Engineer: 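Structure provided below as C-alpha cells; questions to follow.
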Amino acid sequence: QVQLVESGGGSVQAGGSLRLSCVASGASIRRYYMGWFRQAPGKEREGVAAINTGTGKLFYGDSVKGRFTISQDNADSAKTTLHLQMNSLKPEDTAMYYCAADRDPVQLWKTSPAYWGQGTQVTVSS
C-alpha cells in the first residue's frame, strides 16, 4: 500500500508561482513511478509531470514544459516527498492537482495509476 498526501495549492495571479508537495509513504516506495496530474471542471484528466523515483528520470506534459519542474526529496528513508514547482502560471493551469503512483510507467501516465492522493486546488486568476 502507498499513501499520498498533497499540500501547497492555492490561488495566485497569472504569472505567479506555486509549489505543490506530495508525501508518499509505504512499502518499496522507491520502486514506484510518481507523477502529478490535473483535472479542470468539464475537462479530461491531464498528465503534468512524472518521475521514476529510482532513477530520477523526468517526464513532462507538453503544456507545462519550461514552466513546471518536478523533483523528489528522499532525505527520509521511510518516505519520498514529491514536489511540483509551478512558475509562470496561466489561468488555464487552474485545476485540481493530484499526486499519483504506480509501479508501471504506462499505467501511471496512460491509463489509471494504482494510488492517488486527495488532490489540491490550484486557481490562477487573470
Side-chain angles (χ1 to χ4, degrees):
Q1 289 290 326
V2 173
Q3 295 79 42
L4 305 171
V5 180
E6 301 107 329
S7 62
S11 297
V12 65
Q13 289 191 329
S17 298
L18 282 174
R19 190 188 196 207
L20 306 184
S21 295
C22 171
V23 178
S25 59
S28 302
I29 189 61
R30 304 289 166 79
R31 296 182 181 180
Y32 283 78
Y33 291 81
M34 294 184 63
W36 289 96
F37 298 81
R38 66 187 182 186
Q39 189 163 21
K43 294 187 177 181
E44 292 188 355
R45 187 180 71 212
E46 178 186 9
V48 176
I51 185 170
N52 179 329
T53 59
T55 66
K57 185 175 180 180
L58 310 177
F59 184 78
Y60 292 95
D62 289 340
S63 63
V64 305
K65 285 180 180 177
R67 300 188 298 123
F68 291 11
T69 302
I70 188 172
S71 62
Q72 63 177 350
D73 179 355
N74 296 327
D76 187 334
S77 61
K79 61 186 180 183
T80 289
T81 301
L82 192 68
H83 300 291
L84 184 69
Q85 178 66 42
M86 304 184 294
N87 298 329
S88 302
L89 282 162
K90 305 175 182 179
E92 51 264 44
D93 294 318
T94 296
M96 184 70 79
Y97 283 70
Y98 298 90
C99 176
D102 201 289
R103 291 198 179 205
D104 184 336
V106 175
Q107 188 80 2
L108 176 75
W109 196 253
K110 296 293 187 181
T111 55
S112 183
Y115 301 99
W116 290 94
Q118 81 284 359
T120 185
Q121 179 68 38
V122 171
T123 302
V124 184
S125 58
S126 57

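Just so you know, residue 1 is the first one in the sequence shown, and it goes up from there. Just so it is clear, the structure is predicted and the values come from calculations on it, not from any experiment.
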Engineer: Within this structure, what is the NE2-CD1 distance for the pair His83 and Ile70, rounded to the nearest 0.5 Å?
Structural biologist: 10.5 Å

Engineer: Let me confirm one number: the CG-OG distance from Leu89 to Ser11, rounded to the nearest 0.5 Å.
Structural biologist: 11.0 Å

Engineer: Roughly how far apart are Gln72 CD and Cys22 SG, rounded to 0.5 Å?
Structural biologist: 11.5 Å

Engineer: Among Leu84, Val23, Thr120, which residue meets the side-chain contact (heavy atoms from CB on, under 4.5 Å) test with Glu6?
Structural biologist: Thr120

Engineer: Should we say atom CD of Gln1 is surrounded by more than 12 heavy atoms from elsewhere, each under 6.0 Å from it?
Structural biologist: no

Engineer: Do Leu108 and Leu82 sit in the same hydrophobic cluster, where Ile, Leu, Val, Met, Phe, Trp and Tyr count as joined when their side-chain heavy atoms come under 4.5 Å apart?
Structural biologist: no

Engineer: Restricting to non-hydrogen atoms, name the atom on Pro91 and the atom on Ser126 that form the minimum distance, rounded to 0.1 Å.
Structural biologist: CG-CB, 3.9 Å

Engineer: Would you indicate whether the side-chain heavy atoms of Asp104 and Trp109 approach each other to under 4.5 Å?
Structural biologist: no

Engineer: Might you confirm whether atom CZ of Arg30 has over 12 heavy atoms from other residues, nucleotides or ligands at distances under 6.0 Å?
Structural biologist: yes

Engineer: Using every non-hydrogen atom in the two residues, find where Thr111 and Pro113 come nearest and quote the distance to one decimal.
Structural biologist: O-CD, 4.1 Å

Engineer: Less than 4.0 Å between a side-chain N and a carboxylate O, is that true for Asp62 and Lys65?
Structural biologist: yes

Engineer: Quick check: do Arg38 and Ser63 have side-chain heavy atoms less than 4.5 Å from each other?
Structural biologist: yes

Engineer: Do the side chains of Met34 and Tyr115 join up, straight or via other hydrophobic residues, at under 4.5 Å, putting them in one cluster?
Structural biologist: yes

Engineer: Do Trp116 and Phe37 have ring centroids that are under 6.0 Å from one another?
Structural biologist: yes

Engineer: May I ask you to test the Val122-Met86 pair for a side-chain heavy-atom distance under 4.5 Å?
Structural biologist: yes

Engineer: Answer with yes or no whether the hydrophobic clustering places Leu20 together with Tyr33; edges join I, L, V, M, F, W, Y residues whose side-chain heavy atoms lie under 4.5 Å apart.
Structural biologist: no

Engineer: Would you check, one step at a time, whether the test side-chain contact (heavy atoms from CB on, under 4.5 Å) holds for Lys79 with Val5?
Structural biologist: CA-CA 11 Å; Lys79 61 186 180 183; Val5 180; over 6 Å; no

Engineer: Check Tyr60 against Thr69 and note the closest heavy-atom contact, atom names and distance.
Structural biologist: OH-CA, 3.3 Å

